[in-house]
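So the structure is just underneath, and the comments pick up after that.
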Amino acid sequence: MNKLFEKETFKKEVKENVKRLFRRTLDEATPQQIFQAVSYAAKDVIMDDWIETQRQYKKGVKTVYYMSMEFLMGRALGNNLINLQAYQEVKEALDELGIDLNVIEDQEPDAALGNGGLGRLAACFLDSLATLGYPAYGCGIRYRYGMFKQKIENGYQVEVPDNWLKDGNPFEVRREEYAKEVRFGGNIRFEKDPVTGKDKFIQENYESVLAIPYDMPIIGYGNHVVNTLRIWDAQAITDFSLDSFDRGDYHKAVEQENLAKTIVEVLYPNDNHYAGKELRLKQQYFFVSASLQAMIAKYKKENGNDLHKLYEKVVIQMNDTHPTVSVPELMRILIDEEGMNWEEAWEVTTKTCAYTNHTIMAEALEKWPIDLFSRLLPRIYQIVQEIDRRFVEQVRAQYPGNEDKVRKMAILYDGQVHMARMAIIAGYSVNGVARLHTEILKHQELKDFYEMMPEKFNNKTNGITQRRFLLHGNPLLADWVTAHIGDGWITDLAQIGRLKPLAEDPKACEEFMEIKYHNKERLAKYILEHNGIEVDPSSIFDVQVKRLHEYKRQLLNILHVMYLYNQMKQHPEIAFYPRTFIFGAKAAAGYKRAKETIKLINSVADVVNNDRSINGKIKVVFIEDYRVSNAELIFAAADVSEQISTASKEASGTGNMKFMLNGAPTLGTMDGANIEIVEEVGEENAFIFGLRSDEVIRYENEGGYNPMDIYNSDVEIRQVVDQLVDGTYANGDREMYRDLYNALLTTNDSPRADMYFILKDFRSYADAQKRVEEAYRDKKHWAQMALLNTACSGKFTSDRTIQEYVDEIWHLDPITVPATEEE
Ligand SMILES: *Cc1c(COP(=O)(O)O)cnc(C)c1O
């Protein structure tokens with residue numbers, strides 16, 4: 001046990017902090033102030049380990065720089081205490097002061113610097129890297145406003161700015177001394193150095209901002225390792241650093257002030273969708289340039305000025321294409337600032353950079369208009385042109401006369417910069433995030449690249465951290481698991497497989513479901529407090545929480561609820577097991593159809609929840625502001641995990657894994673990591689339905705299918721679809737859901753009717769739902785299924801994923817950090 005968490009010392013420290021920070025006694029302090037005081041006390045405890053970890057890294061160990069526009073961290077305090085193995089002691093210490101740790105944790109705003117899966121993956125990876133002792137930096141942006149807060153007003157989503165820094169961020173440390181300048185725009189002047197005869201490229205008339213890093217500690221579980229998440233803030237460059245010519249240039253000063261203010265202002269709230277905004281490209285270059293400058297400076301300090309072997313000490317992992325300007329930026333630094341020639345710089349860059357692909361959806365592919373890109377990043381654009389010129393030459397040599405290959409592979413084509421192509425061409429590794437996804441990349445989306453460079457392609461199935469999503473989020477189940485198999489699972493989730501025999505033990509199964517029941521009561525309380533809806537913890541908690549997106553098919557789920565409600569009204573004699581359908585989802589602010597779906601869910605909820613005639617047998621709940629902190633409560637309480645994306649569209653999914661870990665069987669399609677989940681737990685312990693990915697892809701290649709055939713032949717489906725436009729769920733308004741209706745049946749504003757095969761999969765989904773109900777009625781059997789889901793979830797820890805990245809891509813060595821002496 002950590003000595004500084006000796007209870008009396010800690011209590012004293014909290015009291016001191018309240019006095020020092022707020023000039024108050026503990027009795028006078030608000031819960032928010034106590035949260036700050038407790039957090040600062042915890043930060044004090046980790047400082048020595050943080051310093052000691054960095055000292056170990058100075059010995060020249062290879063380090064991964066995980067470059068990501070998003071880190072969806074959630075709350076820090078509880079997780080930090082968990083990883084310090086001090087949660088219990090702190091809970092008791094606060095108890096003795098009459099303070100409830102849960103209440104204090106609830107004071108902390110989520111660090112919501114991400115949209116959904118991609119950002120949460122980055123956060124889980126940092127947790128695993130620290131726990132496994134691998135040298136790593138997370139590099140990102142300190143957005144002043146993170147993911148918007150969602151309010152539901154009259155059934156509609158309303159976006160409220162997320163001022164998460166309002167009360168300060170106790171764990172961060174501002175590192176002014178590592179500030180870097182980042183330049184935008186202007187023009188490039190070319191010169192020959194009179195002495196060396198080398199080409200020189202000088203950027204002139206540019207605007208610049210100062211990037212200032214804030215470091216956040218990433219605490220490994222019980223190993224004294226404290227890694228760093230480095231997020232960059234922007235600040236105007238003050239007068240004195242301007243060229244003498246520019247000094248006193250008022251307009252320039254104001255421009256730079258504005259650029260600095262806007263650049264890190266807000267996270268773009270699009271998930272799996274490319275918007276092409278200039279400010280977004282500025283954000284990308286801003287954090288990439290600052291991070292790489294800092295990386296090079298650190299490398300030189302530890303390894304000397306020769307950068308030809310940079311790749312022996314450093315690897316840059318690009319989380320999707322968002323940080324792909326890392327490639328030309330590293331080339332720029334090596335050539336323009338370090339004096340390498342092209343070939344040398346290219347060798348270093350292509351041995352340093354690696355790329356993770358997160359989606360095959362066309363609308364998510366980043367392509368920047370050349371005029372915008374070259375205006376904003378003139379020197380970077382020159383380098384991209386040269387990378388492209390050399391690559392196209394190579395393609396033509398390998399495929400003479402085949403200009404189709406150039407069309408499909410060139411970085412610069414059709415007036416646009418194709419970022420994924422640059423990442424693949426320059427990266428030494430290209431990975432997908434689940435087995436199916438990687439196979440689709442290799443054989444469909446990226447098959448030309450795979451043909452030319454098969455050795456680069458590899459799979460890394462995503463994972464999640466059991467420390468946050470079981471140990472912290474579900475303490476009752478965590479304790480139960482530990483009581484049965486010991487606590488080795490916390491850092492070695494494969495051990496959770498030792499629970500499997502307990503599926504044959506009726507008492508263990510009963511305990512497992514009792515814990516589930518307690519967690520459902522906890523969520524029911526949250527729902528009552530936040531939604532004012534009473535739900536019955538003995539009903540089936542059927543949960544779909546994830547970003548709202550057409551391909552994720554929340555519409556299929558709610559149409560099925562409408563169908564069940566019709567059944568119940570038309571056949572009151574049919575037995576029906578009570579269900580609570582729980583949704584949670586944010587829609588991108590500009591995504592109209594997604595927002596209409598939220599309104600529909602809330603409208604169905606209004607009608608169904610208030611219909612006395614069905615005896616509360618269906619409840620529909622839309623949980624406002626789905627985010628990491630309430631996700632932890634939701635996963636712990638779920639009976640059924642809805643993973644119903646159109647097959648081939650969900651690259652991996654990670655929500656599916658969190659549900660599984662918490663004992664909720666999957667109701668899903670054979671998509672993303674669902675396939676691997678079913679492989680681990682057995683098809684008999686999941687509810688699989690719908691088209692397979694090859695069938696979806698075949699229909700797509702044939703131009704779609706005709707949903708009217710289904711509409712015309714299936715009266716129950718027709719009734720549900722017609723209810724979108726007969727006013728049933730819109731107080732008589734026939735237009736409110738016309739767009740959703742059209743999306744299912746017509747090609748009005750999409751290339752195909754029912755692009756996501758909702759009606760095609762409807763019957764199969766309804767049948768699977770029927771199987772869920774039948775299975776749940778058999779309490780003993782359900783308990784076995786649920787328990788086996790937890791017991792078979794070992795593969796899906798991000799510790800396993802990170803170990804695979806290390807073994808096959810990064811080649812890092814773990815460090816050990818000795819416990820530091822106390823003064
Ligand atoms: C895990 C997680 C996601 C990703 O969920 P998917 O179902 O994989 O899309 C999104 N948001 C939050 C808050 C999460 O915790």
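Whatever order the structure lists ligands and atoms in, that order sets their numbers, starting from 1. Because the structure is a prediction, the values reported are computed rather than measured.
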Checking side-chain polar atoms at under 3.5 Å, does Ser645 have a donor or acceptor matched by the opposite partner on Asp671?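 Yes, a side-chain donor-acceptor pair sits under 3.5 Å.
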Just checking, is any N or O donor in the side chain of Glu265 or Gln283 under 3.5 Å from an acceptor N or O on the other one?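 Per modelled atom types, Glu265 and Gln283 side chains form no pair under 3.5 Å.
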Residues which pass ring pair (Phe, Tyr, Trp, His ring centres under 6.0 Å) with Tyr551, listed by chain and number, not counting sequence neighbours: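 Partners of Tyr551 by the ring pair (Phe, Tyr, Trp, His ring centres under 6.0 Å) criterion, ordered by chain and then number, come out as His549.
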Pick one: which of Phe541, Phe796, Phe469, Phe635 meets ring-ring contact (aromatic ring centres under 6.0 Å, His included) with Phe659?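 When Phe541, Phe796, Phe469, Phe635 are each tested with Phe659, the ring-ring contact (aromatic ring centres under 6.0 Å, His included) holds only for Phe635.
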Spacing of CD1 belonging to Ile440 relative to CG belonging to Leu446, to within rounding of 0.5 Å: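 Output value for this atom pair is 11.0 Å.
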To the nearest 0.5 Å, tell me how far Asn462 CG sits from His437 NE2.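 Answer rounded to 0.5 Å: 8.5 Å.
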Ligand 1 polar-atom proximity to protein (N/O, under 3.5 Å):
from, atom 1, to, atom 2, distance (Å)
ligand 1, 7 (O), Lys546, NZ, 2.7
ligand 1, 8 (O), Thr654, N, 2.8
ligand 1, 8 (O), Gly655, N, 3.0
ligand 1, 9 (O), Lys552, NZ, 2.8
ligand 1, 15 (O), Lys658, NZ, 2.6

